[in-house]
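All remarks here apply to the structure that follows.
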Amino acid sequence: MAMFSLAIRARAKANPLLTRRALHFRNFCNGRFGLSTSESDPPDRPVAGTKFLESFKEEFEIGSRVISLETGKIARFANGAVVLGMEETKVLSTVAAAKGDADRDFLPLTVDYQEKQFAQGLIPNTFMRREGAPKERELLCGRLIDRPIRPLFPAGFYHEIQVMASVLSSDGKQDPDVLAANATSAALMLSDIPWGGPIGVVRMGRICGQFIVNPTMDELSLSDLNLVYACTRDKTLMIDVQAGEITEKDLEAGLRLAHPEAVKYLEPQIRLAAKAGKQKKEYKLSMVSEQIFEKVRNLAEAPIDAVFTDPSYGKFERGEALEKIAQDVKSALEEECDEQSLKVLPKVVDTVRKKVVRKRIISEGFRLDGRHLDEVRPIYCEAGHLPILHGSALFNRGDTQVLCTVTLGAPQDAQRLDSLVGPPTKRFMLHYSFPPFCINEIGKRTGLNRREVGHGTLAEKALLAVLPPEDDFPYTVRINSEVMASDGSTSMATVCGGSMALMDAGIPLREHVAGVSVGLVTDVDPETGEITDYRILTDILGLEDHLGDMDFKIAGTRNGVTAIQLDIKPAGIPLDIICESLEPARKGRLQILDHMEQEISVPRNQDDRNSPRLVTLKFSNDAIRRFIGPLGALKRKVEEETGARISVGDGTITIAAKNQAVMEKVQDKVDFIVGREIVVGGIYKGIVMSIKEYGAFVEFNGGQQGLLHISELSHEPVSRVSDVVSVGQQISLMCIGQDVRGNIKLSRKATLPRPESETKSVVEGSAPVTKEKPNIWASPENMSKGEQLESTLEELVPSKMENTESNRSASLMPSVVIRSAAECDEEEKSAGLSKTSKSAPKPKGTLKKGSKQKKIQSSDNMPDLSLSIMLSESLSQMGGNKEFTSQDEGEANLSDQNDKETGGKTPVTPQKLKLGTKVTAKIYQIRARGLVLDLGGGIRGMYKFEPNGEREFTVGDELLVQCSSFTSKGIPVMSMVDEE
């Protein structure tokens, strides 16, 4: 603004007539400064007119879908530009040619295909929020466009051509790759570039045996065939197939059905080119004169023929001999100073080689290495070449050698795909690598290579058909194929090596997959261009691929074809010859499968501890929330400490570990954080939280609490708990039971080896834990740690019962006596006994007042079952979740007949034990200040030593005692009765 004001002032001084009004400035009264309007301004200012964009459009129908071709509206400066649309999917394809003369001996054709996220209304999920380098799918779609259009450029046309195809919009129903190929054909037809089109490209699917033209993505997911077919009016240009073991007969039927459907694309392109196409430009063609060709041929043909007829030559020996011939011809031409011939010498020598090889194959039926036309090279197979890897295989066919390795990963290792159509992830990947040393050359390793991506994808499609479904095999699988030596058909060698490596990794493949490449050599009439004679070659060499007309790669099992890729050099091959090539390919494939099955025919059993492990655990969402922790801190910590990969789903935790040792370590950590269903007899790891005189409270299985009684610490006598365990110590424990209140009983000694001879000790009378039928129950999740720390103390003591049918059941658990830790401490202070047993209390699950009680009827098969035994039986059967009540007092009394049968000894029940009741008891345990007595029927009582008593007691002795009192907790206190 300051510069503008200085300029105005300078002009005003120079011309006094130049005033503010003359400059059309507004006044300052409105507080703003700017140009003003004037009455002298012309009334009608020129306005922008409306531009008319002349466009041309063609519509037609293929496979019940309307397709449109449009040009003239966008990309008008391109040499040729067409927008092809099918429903809401639209693809723009443009072509351009470099200006100036071409000084090269090859066609520099570049095809770029791009899918931008705006086509489906999304912003790229990248840091820069824009698309980056081409993805694998974009490279593959570019190859799909390149392969059918390249053979149709005229011979000697070496001008640089660039094709750019972009997806403008996508509804997700149609794959844009086929649309882009047809749009490119139409754009070349509109341009001034010489080209022998048009072509038609169509996709075929098959559902339940019925072929479908232009299937949608949903239909392709159900189809067992994905066939892309490109052709001219009468010849085939390109075939790309992914199938589920389709037979050669069905595949031929699909090819013959696809041809007329693809031809339907031709007429609309011709009509559009007639309306809006450019006149074809006269480009300079790099052609070799007949005189130069004959001169070089006379010098090189005889020595080249001698090299090709000697089967003893290897790849490099043959190459060195041919290079020496070329140098000799070059020296001869330099002596003659023939500059014109020297410029085209490499191309002419290559043409002479091609004619010599083709003539020998067609006339004599022999190939460069002396094989017959249908003969496969010698094969060497080795599975498990690198034993420490998950899977590996080495495959040799002739001089071609490929090393394949398999790596298994977790489901979250699957590759994420950002394509416009198709699945969002891919769990099976095959990466093909072609290093320079495999052909004895030097070179730089760069990023994604179109050839490597294409060969790897072909092998990936071939093996995908035999992989187990994801539900049966949830691993992510990566095959890495390293080409160690190349002499033709390394992609098919990758299929063979990859199949063996997958079986070596223990992956349950349905069948082995093998692949072979079939070549073609033709004799063409130079005037009409028609094929007069041809030979089909099985398992072609690299030089036969270069000098031949076709590279037809076919992979499959014994049952059928799984993948096909056809590339040709001439401007089309009749479909009949293509179909005829399927049978030699099948025979060669079966020969290779025989060798592969001799090496490994079934998946290996992965019992090696080095093999990867994948486990899926089911938990409640609350438990998973605890495992993840705040902001995923706990989950990340476990992954960092173990090296495993953990993925969390809806109610599931999936763990992928490198080997069994890592898996066990991760499972221990998950069990400790989250816990799992507790099983009687299951072994867990826990941490000692507190120590009491009678035992220790241990936290295990995701924060649950259990009691480790002093009698379950060791097989040897233990006087103090702290001598064996300490607070914070991690120990292994076995769950030995659960009481009626849901409290868990643990044992350390059950996890220790039992001593050879058990000596009698103070705790000799404690009965060993009987092995019961595993009992599973849900983990208590609503108990807080404080409540678990104050959980009741209970002791498991099995009663000796007769072997009746009722007590044979493995689900019967011993009677239980329950007291809390606080009650036990209080009783020890008042009664002076350490850890005595208690009478059976009222179960936690007792029904409320007024509710209907369940009566447990006694029977002849259950003569001496006490209330606590019945509760234990019900608990073991119901998992401790149901409610029970005891019999009423009348039903609990036994009959006089039972008294007589027991010899006058009254069976003890909780109802019959009263003050003054005399019973014969057995000494169960000997304490420092008294005895623990077994009164029968699961009832325990206490007897306090008398002052100055000198009597000796032994565990198991019978004593006649009577009930003298009860403690405040209902424990019977017994006194000795003198025997008469």
Side-chain angles (χ1 to χ4, degrees), residues 54 56 58 69 71-72 75-82 92-112 145-165 181-200 230 232-235 237 265-296 338-348 350-351 354 524-530 568-572:
E54 184 180 12
F56 302 90
E58 288 288 333
L69 291 170
T71 187
R76 296 169 62 89
F77 282 175
N79 202 328
V82 171
L92 168 67
S93 184
T94 61
V95 296
K99 299 173 177 61
D101 295 336
D103 187 15
R104 57 183 68 89
D105 59 352
F106 66 95
L107 172 63
L109 171 64
T110 304
V111 179
D112 294 321
I145 299 170
D146 182 296
R147 287 157 53 195
I149 67 174
R150 183 179 291 271
L152 297 180
F153 286 95
F157 181 80
Y158 298 145
H159 292 264
E160 187 173 0
I161 305 295
Q162 185 178 35
V163 176
M164 299 190 69
N182 286 290
T184 300
S185 173
L188 285 169
M189 290 294 293
L190 295 176
S191 69
D192 61 9
I193 302 171
W195 188 63
I199 67 170
T232 59
R233 192 173 298 277
D234 54 357
K235 292 183 179 180
L237 290 169
Y265 281 95
L266 305 184
E267 286 301 327
Q269 297 180 48
I270 295 174
R271 293 196 300 267
L272 186 66
K275 295 179 183 177
K278 298 179 181 179
Q279 183 70 29
K280 293 299 180 181
K281 185 178 178 181
E282 293 293 334
Y283 286 88
K284 180 181 178 181
L285 302 181
S286 300
M287 304 298 293
V288 178
S289 66
E290 188 69 24
Q291 181 182 359
I292 295 176
F293 177 77
E294 290 296 332
K295 185 176 184 179
V296 174
D338 191 349
E339 297 295 333
Q340 290 293 107
S341 299
L342 287 172
K343 286 183 180 180
V344 296
L345 178 62
K347 185 173 182 60
V348 177
D350 188 68
T351 304
K354 183 179 297 187
V524 181
D525 188 343
E527 295 182 0
T528 62
E530 297 295 327
I568 64 171
K569 295 181 179 65

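FYI, side chains are in, hydrogens and waters are out, and symmetry mates aren't considered; it's all heavy atoms of this structure.
Taking all atoms of both residues into account, the shortest heavy-atom contact from Leu190 to Ala276 is CD2-C, 4.0 Å. Of all the heavy atoms in Ile145 and Ala165, the pair that sits closest is CD1-CB, 4.2 Å. Nearest heavy atom pair, residue Ala155 against residue Leu285, reads O-CD1, 4.0 Å. Listed here is the closest heavy atom pair of Ala571 and Lys235: O-CD, 3.8 Å. Residues Tyr283 and Pro194 approach most closely at CD1-CD, 3.3 Å, considering heavy atoms. Gly200 approaches Leu266 most closely through the heavy-atom pair N-CD2, 3.5 Å.
The distance from the CG atom of Leu188 to the CH2 atom of Trp195 is 5.0 Å, given to the nearest 0.5 Å. For the atom pair OG1 of Thr71 and CD of Glu58, the computed distance is 11.5 Å after rounding to the nearest 0.5 Å. How far CD of Gln340 is from OG of Ser289: 8.0 Å, rounded to the nearest 0.5 Å. Between Leu237 atom CG and Arg147 atom CZ the span is 11.0 Å, to the nearest 0.5 Å. Leu69 contributes atom CG, which lies 10.5 Å from atom NZ of Lys275 (distance to the nearest 0.5 angstrom). Atom CD1 of residue Ile292 and atom NZ of residue Lys343 lie 10.0 Å apart, to the nearest 0.5 angstrom.
Lys280 places a side-chain N or O within 3.5 Å of a backbone atom of Ile193 that can act as its donor or acceptor partner. Remark: the backbone N or O of Asp525 is not paired with any side-chain donor or acceptor of Glu530 at under 3.5 angstrom. Under a 3.5 Å cut-off, the side chain of Arg150 and the backbone N or O of Leu109 do form a donor-acceptor pair. Under the 3.5 Å distance criterion, the side-chain polar atoms of Asn79 are matched with a main-chain donor or acceptor of Asp192. In this structure a side-chain-to-backbone donor-acceptor pair under 3.5 Å is missing from Gln162 to Ala96.
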Inset, instruction - List the steps and the verdict of side-chain contact (heavy atoms from CB on, under 4.5 Å) for Val288 and Thr351. - result: CA-CA 10 Å; Val288 178; Thr351 304; over 6 Å; no

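Proximity of Lys295 to Asp338: side-chain heavy atoms (C-beta onward) are separated by under 4.5 Å at one or more points. Between Thr232 and Leu152 the shortest side-chain heavy-atom distance falls below 4.5 Å. The shortest side-chain heavy-atom distance between Leu272 and Gln269 does not fall under the 4.5 Å cut-off.
Under the 30°/60° scheme for interplanar angles, the aromatic rings of His159 and Phe157 are found to be tilted.
Checked for salt-bridge contact, Arg233 and Glu267 meet the test: a charged N lies under 4.0 Å from a carboxylate O.
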